[in-house]
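The structure appears right after this line, and notes come after that.
From a predicted model like this one, the values you see are computed outputs, not experimental measurements.
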Amino acid sequence: MVQQIHVEGHEAFMKTATEHKGKPVFALFSGSKDGAGSSWCPDCVKAEPVVKECMKFVPDEAVFIECGVGDKPFWKDPNNIFRKDDKLRLKCVPTLMRWGTPQRLEEEQCADSRLVQMLFEDE
Amino acid sequence: MAPLAGDPKTIVQDHINKHKVMIFSKTTCPFCKKGWSHDYLLFTVWAEFLSGAAQDQDICQISRHAENFSEWPDIWTDSIEKFGGPNGFLGGAMIICSLLFGQNFYLEQHRIKIYVRYPDMLKTFQNGQTFGPTVLKNLVDRMDFYNGGFIQSSLAEISGQRTVPNVYINGSHLGGCDSALAAHASNKLLPLINPSTDQYDYDLIVIGGGSGGLAASKEAASLGKKVAVLDFVKPTPVGTAWGLGGTCVNVGCIPKKLMHQAAILGHSLEDARKFGWEFDEKVSHNWDTMKSAIQDYIGSLNWKYRVELRDRSVDYFNSFGEFKDPHTIKATNKRGKVQDLTAAHFLLAMGMRPRYLGIPGDKEYCITSDDLFSLKYCPGKTLVVGASYVALECAGFLAGIGLDVTVMVRSILLRGFDQQMAEKIGDYMANHSIKMIREAVPTKIEQIEKGEPGKLKVTAKYVKTGEEFVGEYNTVLLGIGRDACTNGIGLDKVGINLNPKNGQVIAEAETTNVPHIHAIGDILDGKPELTPVAIQAGRLLARRLFGGGKEQCDYTYVATTVFTPLEYGACGFSEEDAIAKYGEENIEVYHSNYRPLEWTVPGREENACYAKLVCLKTENERVIGLHVVGPNAGEMTQGYAVALKCGATKAHFDTTIGIHPTTSEVFTSLSTTKSSGLPVDQAGC
């Protein structure tokens with residue numbers, strides 16, 4: 001069974017990703033949800049059910065980190081840490097990636113089940 | 001227009017293979033007339049096919065109108081819109097008519113052959129006296145002489161039928177007039193000509209996911225076709241492999257240019273001090289940092305192509321493809337799993353791989369460009385064997401990042417390129433700490449010490465004297481040439497014609513001798529081996545096959561650049577090729593040395609950079625060759641390629657006012673000719 005972890009913010013993400021070094025790590029970066037459980041990012045809302053449905057393609061030994069990047073004003077700042085960090089260089093949310101590789105999907109690609117499946121299954 | 005010598009049977013079979021619909025007929029045969037004349041059913045049927053098969057097609061048909069037969073040769077043409085009456089009429093002959101169904105072609109490119117019984121009939125043609133519409137002149141490519149009797153015998157041998165009309169559809173024998181009419185009556189004729197592709201898994205299978213293959217597959221998919229791409233990298237002798245994208249992306253243009261840039265930046269750091277920058281004396285280069293950054297970028301490209309293919313519903317198989325039969329490929333993945341895939345059309349785009357020397361130790365201890373760009377360790381003191389652009393570019397950037405580099409060359413530098421420019425490149429490299437050993441070849445490679453890198457002992461000999469010598473290097477990099485990947489994939493099984501000298505595929509308009517199998521890219525015989533050429537050819541081929549396109553790839557005036565330390569940009573003829581083709585007296589070369597402004601302050605060479613225009617006197621000094629060595633030669637040359645394609649003359653260049661200060665402006669002010677003998681060394685600006 002794939003281990004699914006939810007974190008908020010950059011520091012928590014880096015800590016968790018480093019902890020699981022050696023395993024395949026997938027990460028989904030989305031706009032953080034508010035008290036009512038809704039994300040401010042419409043593409044993230046669209047992607048969520050697709051990614052969940054495709055979880056069956058993730059190898060068992062892998063770790064899946066779902067990371068909330070923060071609220072909308074934080075994200076819109078062109079110098080926020082997610083954009084600036086060399087290891088991440090996020091351009092948008094949602095971003096779904098295989099951590100530590102150049103393999104990633106962005107925005108509406110994350111709602112395309114064929115592409116999500118390809119990302120999860122690739123060797 | 002010489003007579004074609006050759007075995008009639010081969011010629012006949014060739015015609016059958018080449019054309020979708022092939023009808024052998026005779027002018028005096030009333031049954032042929034039945035098939036072709038406007039008044040008859042079959043002709044009506046063909047008009048029907050045309051309007052169904054594709055828009056905007058022109059059909060040229062050469063046939064014979066029996067009642068008007070008077071003398072040889074006998075040909076007339078008619079365009080399909082005008083059918084209802086002959087458009088022009090000439091003479092009489094044994095005629096072979098080819099109709100190209102389902103393919104698109106320009107009127108001028110229609111392959112029409114007119115067979116005349118007696119050679120001196122040809123004179124009549126050439127004089128145009130018996131020509132009807134002059135459109136025929138544009139249509140006739142060549143005229144071939146055949147003896148009609150031998151053709152009929154060959155046909156009898158091939159199909160058992162000696163009579164005419166003798167009809168072949170998609171390479172299969174249908175029969176004579178009765179068979180054709182019967183097939184039409186039972187609605188079987190059209191499906192024979194344009195077979196449904198539902199029977200196949202794919203409309204197109206592309207073998208090779210490189211520059212050409214990917215471009216063609218994406219274009220075909222965008223035209224609504226079902227496409228599959230097979231890409232498989234056989235690991236190098238030392239075990240290197242890579243992802244989707246082909247040579248250019250993984251082990252060619254992309255990493256090469258990035259490493260070339262790394263070297264340029266190193267040089268810039270030296271120059272920087274002269275421009276006032278102050279930093280520590282010691283500046284060093286870290287191979288691993290550079291290699292990892294470049295490999296990350298390549299990885300992102302591999303992934304980008306995977307996403308693109310998936311996004312456009314192109315099926316990607318990381319499998320090795322081999323032909324089982326003309327429409328079936330056996331695909332084997334790296335785990336040995338096999339599956340069969342069928343398609344209506346195939347595109348061969350397998351590209352090339354580096355050649356080895358064939359001497360002891362070459363595969364065990366040498367590396368090639370396939371290994372260099374992902375090498376886990378710094379190559380150290382390197383011997384580069386070869387004088388190809390691959391060898392010189394690699395030697396160039398390795399020296400540029402501070403390594404001890406030697407180049408061993410058997411004879412000339414950059415065979416096939418303008419030799420004056422090649423020598424300038426070589427001189428510059430030799431003046432920039434690259435040792436050149438000329439006219440020598442290695443005979444044996446031995447390992448002295450294991451390691452990353454290890455130590456290798458190279459035994460070599462001078463070609464002229466046979467005298468042997470040895471050298472010690474950390475790495476030996478072979479850049480002696482590349483071979484087409486046409487072996488071991490069953491091309492012989494399906495009868496693809498290869499050039500026996502180099503194993504490359506022989507094709508006309510990117511289609512092989514087998515009508516449904518096509519080829520593009522480096523594997524094509526006689527075409528420039530460049531990424532943009534493969535991409536253009538691939539896209540246009542896909543459009544012609546599936547989109548009603550008519551445009552052919554124009555292989556002329558393709559600009560190239562060699563990214564050696566002193567870059568070399570070229571477009572059009574080399575000086576020696578121009579002289580060979582047009583004669584020395586008809587060529588004028590304008591040339592000059594020049595010095596980039598940026599080289600003045602740091603005190604770099606005054607006369608290393610050079611530009612020349614090769615002009616054709618008989619066409620108003622049309623510029624047929626442009627050559628330049630200097631920084632940013634590629635950027636410079638690209639724009640001029642457009643000018644050369646437009647037929648620019650020396651006067652056009654002269655009346656164009658230059659941008660100052662640039663290096664490219666030298667082309668707008670060339671005044672000294674080679675023929676004058678005047679010197680072109682730089683004095684100053």
Side-chain angles (χ1 to χ4, degrees), chain A residues 14 17-18 21-29 43-44 46-47 50-51 53-59 61-62 64 82-123, chain B residues 209 214 217-218 221-222 226-233 235 239 241-245 249-251 254-255 258 286 288-320 331-337 373-374:
Chain A
M14 295 305 277
T18 318
K21 206 170 171 182
K23 295 186 212 143
V25 174
F26 293 94
L28 175 65
F29 297 90
D43 280 338
C44 304
K46 275 208 206 92
V50 176
V51 174
E53 177 61 35
C54 288
M55 287 298 279
K56 59 191 181 215
F57 299 115
V58 178
E61 67 275 17
F64 184 89
F82 286 101
R83 295 188 200 261
K84 291 271 134 188
D85 183 340
D86 264 346
K87 291 204 187 63
L88 284 169
R89 291 201 211 173
L90 295 194
K91 294 205 289 283
C92 52
V93 281
T95 294
L96 178 66
M97 65 165 65
R98 184 188 287 260
W99 172 245
T101 75
Q103 296 181 342
R104 63 173 65 185
L105 298 172
E106 292 167 337
E107 292 182 304
E108 66 274 2
Q109 290 178 335
C110 302
D112 186 335
S113 56
R114 297 171 308 172
L115 297 179
V116 175
Q117 180 182 347
M118 185 171 81
L119 179 75
F120 286 158
E121 283 187 323
D122 198 51
E123 287 141 50
Chain B
L214 290 180
S217 68
K218 289 188 281 195
S222 73
K226 195 147 181 268
V227 185
V229 171
L230 269 67
D231 187 65
F232 190 84
V233 179
W242 49 87
L244 179 63
V249 161
N250 292 285
V251 289
I254 302 291
L258 289 170
N286 183 314
D288 196 70
T289 306
M290 173 184 72
K291 178 221 80 175
S292 300
I294 290 174
Q295 288 300 316
D296 271 351
Y297 178 63
I298 291 173
S300 74
L301 290 179
N302 297 141
W303 176 249
K304 182 180 105 158
Y305 294 131
R306 299 280 311 282
V307 170
E308 273 180 1
L309 291 187
R310 187 61 79 100
D311 205 32
R312 290 163 207 232
S313 306
V314 173
D315 287 348
Y316 161 60
F317 295 89
N318 187 200
S319 303
F320 183 79
T332 310
N333 74 5
K334 63 184 173 205
R335 275 191 225 91
K337 173 170 158 228
F373 301 107
S374 56

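A pairwise comparison of heavy atoms in Pro102(A) and Gly299(B) identifies CG-C, 3.5 Å as the closest pair. Heavy atoms only, all atoms of each residue included: Arg104(A) and Trp303(B) are closest at O-NE1, 2.8 Å.
Counting non-hydrogen atoms of neighbouring residues, nucleotides and ligands closer than 6.0 angstrom, the OH atom of Tyr297(B) reaches no more than 12 such neighbours. Applying the 6.0 Å contact sphere to CZ of Arg89(A) captures no more than 12 heavy atoms from other residues, nucleotides or ligands. By the neighbour-count criterion of 12 heavy atoms within 6.0 Å, atom NZ of Lys334(B) is sparsely surrounded, having that number or fewer from other residues, nucleotides or ligands.
Applying a 4.5 Å heavy-atom cutoff, the residues of residues 304-312 of chain B that approach chain A are Arg306(B), Val307(B), Arg310(B), Asp311(B).
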